[in-house]
Amino acid sequence: MEIYADNAATTKMSKTAINAMLPYMEEIYGNPSSLHTTGQIAAEHLLDARERIAKCIGAETNEIYFTSGGSEADNQAIISAAKNGAKKNKKHIISTAFEHHAVLHTLNKLEKEGFEIELLSVGKTGTVTAEQVKEAIREDTCLVTIMYANNEIGSILPISEIGAVCKEIGVTFHTDAVQAAGHVHINVKEQNIDLLSLSAHKFHGPKGIGVLYARKGILLTNIIEGGGQERGKRAGTENIPAIMGMAAALEEAVNNLDKNSEKLTKLRDKLISGLSEIPHSTLNGDPVNRLPGNVHFIFEGIEGESLLLLLDAKGIRASSGSACTSGSLDPSHVLLSIGHPHEIAHGSVRLTFSEENTEEEIDYILKAVPEVVSYLRNMSPLWRDKVNGIKPFVLQ
Ligand SMILES: *Cc1c(COP(=O)(O)O)cnc(C)c1O
């Protein structure tokens with residue numbers, strides 16, 4: 001059996017998305033900036049995609065800016081809000097300790113340029129409250145940037161409540177919604193979101209294309225200089241095939257969201273309850289406000305990397321954390337942020353599903369994981385010390 005359970009890293013493209021792209025690699029190949037008919041036909045299709053994407057998140061068509069993906073959208077959103085703040089001498093930015101590196105590394109850069117970055121603690125369940133945000137906001141706060149849902153442990157954050165707080169006080173609010181778009185309902189107007197990032201390859205669209213939504217009135221700073229595309233805010237000839245694929249994938253995801261979410265939640269909860277029976281293990285992330293396809297566990301006394309490779313040999317494609325940190329020896333900043341010591345944080349596995357996964361696959365995983373965990377524990381001297389009472393267990 002081969003089971004793809006790493007949908008938080010990337011998803012397989014849907015047939016709908018692939019079919020939506022093909023005409024734009026064959027007949028409709030014009031450059032939308034060209035004034036002739038071939039170009040203007042492409043421009044019409046581009047506008048149509050922009051309208052459809054805007055509708056999916058409750059935005060206006062001219063608030064949608066196409067980018068090369070989630071990372072670029074995060075960079076541009078944060079740098080723009082920081083520049084706008086600096087003009088008014090506001091240089092305090094609020095975020096959380098478990099953001100994606102596209103956010104955290106951009107904030108690090110701004111810190112070196114004189115901004116003050118305050119990372120809210122996310123507690124044991126891995127979330128923040130709107131009250132935390134409210135208390136942290138100061139006179140000189142220019143931006144609150146808080147992810148919609150965490151890419152490792154799957155917590156969904158109270159974005160509507162945080163949006164309401166930011167709106168009330170008048171602080172710009174950005175959310176990295178890369179894990180949320182197409183998986184939970186988003187409405188930027190109702191939720192008072194000023195800036196939002198999304199990426200097509202996390203909802204069965206193509207890689208290398210994303211969106212920055214910027215509410216009318218928020219001035220964007222260019223990251224890519226050049227031609228006047230994207231209302232002068234993001235240069236470069238539009239990647240129309242990818243944009244059309246993204247529009248089709250997002251519509252498909254949003255139209256099937258409730259059905260997929262119900263199916264995934266059932267699979268997820270079955271897997272969570274089965275894996276919870278493994279002694280000295282813990283589920284990470286908010287157990288209730290949780291992405292429908294995310295299961296994230298720590299098993300004491302094992303190396304996540306070894307678990308990952310043994311599962312791979314059994315056909316299960318999982319992750320030991322986020323794709324960006326695998327391959328490095330540092331434990332995930334997300335697991336440290338929810339209070340796990342280094343020793344424990346190394347024993348993590350993330351299984352993330354899409355609507356294509358089946359109950360048979362969950363049953364197979366439920367058999368494989370306990371086998372592999374006990375195999376690894378039996379080989380571990382550290383585990384033996386714990387069993388023999390020489391060293392204490394961290395997880396009960
Ligand atoms: C994947 C991901 C990104 C990066 O998106 P890319 O399109 O791969 O650049 C940013 N934030 C989160 C939460 C993600 O999961």
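Excluded from the calculations below are hydrogen atoms, water molecules and symmetry mates; all remaining heavy atoms, backbone and side chain alike, are included. Note that ligands are numbered from 1 as they come in the structure, with each ligand's atoms numbered from 1 the same way.
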Any idea which part of [X] is under 4.0 Å from ligand 1, heavy-atom wise: side chain, backbone, both or neither?
{"X": "Val103", "result": "neither"}
{"X": "Glu72", "result": "neither"}
{"X": "Ala102", "result": "neither"}

Side-chain donor-acceptor pair under 3.5 Å between [X] and [Y], yes or no?
{"X": "Glu99", "Y": "Thr96", "answer": "yes"}
{"X": "Ser332", "Y": "Glu152", "answer": "yes"}
{"X": "Glu356", "Y": "His204", "answer": "no"}
{"X": "Ser197", "Y": "Asp74", "answer": "yes"}

Please state which protein non-hydrogen atom is closest to [atom] and give its distance, to 0.1 Å?
{"atom": "atom 2 (C) of ligand 1", "value": "Lys202 NZ, 2.6 Å"}
{"atom": "atom 3 (C) of ligand 1", "value": "His100 NE2, 3.5 Å"}
{"atom": "atom 6 (P) of ligand 1", "value": "Gly70 N, 3.5 Å"}
{"atom": "atom 11 (N) of ligand 1", "value": "Asp176 OD2, 2.7 Å"}

Under 30°, 30 to 60°, or over 60°: which ring-plane class applies to His346 and His342, parallel, tilted or perpendicular?
perpendicular
In terms of the angle between their ring planes, are Phe393 and His280 parallel, tilted or perpendicular, with boundaries placed at 30° and 60°?
parallel
What I want to know is whether [X] and ligand 1 share at least one N or O pair that is separated by under 3.5 angstrom.
{"X": "Ser68", "value": "no"}
{"X": "Ala149", "value": "no"}
{"X": "Asn151", "value": "no"}
{"X": "Gln179", "value": "yes"}

Taking a cutoff of less than 4.0 Å between a non-hydrogen atom of the residue and any ligand atom, is Lys207 in contact with ligand 1?
no
So, using side chain to side chain contact (heavy atoms under 4.5 Å, CB included) as the criterion, who are the partners of Leu46 when residues are at least two apart?
Pro32, Arg50, Phe66, Glu238, Ile240, Ile243
Considering only heavy atoms of [X], which atoms of ligand 1 have at least one such atom less than 4.0 Å away?
{"X": "Asp74", "value": "10 (C), 11 (N)"}
{"X": "Gly69", "value": "7 (O)"}
{"X": "Ser71", "value": "4 (C), 5 (O), 6 (P), 9 (O)"}
{"X": "Ser199", "value": "6 (P), 7 (O)"}
{"X": "His201", "value": "6 (P), 7 (O), 8 (O)"}

Shortest non-hydrogen contact between Ile153 and Gly126, atoms and distance
CD1-CA, 4.1 Å
Please find the pair of heavy atoms, one from Pro206 and one from Ile209, that lie closest to each other, and give the distance.
O-CG2, 3.6 Å
Are Lys12 and Tyr4 side-chain neighbours, meaning at least one heavy-atom pair lies under 4.5 Å?
no
Going by an N to O cut-off under 4.0 Å, is there a salt bridge joining Asp48 and Arg52?
yes
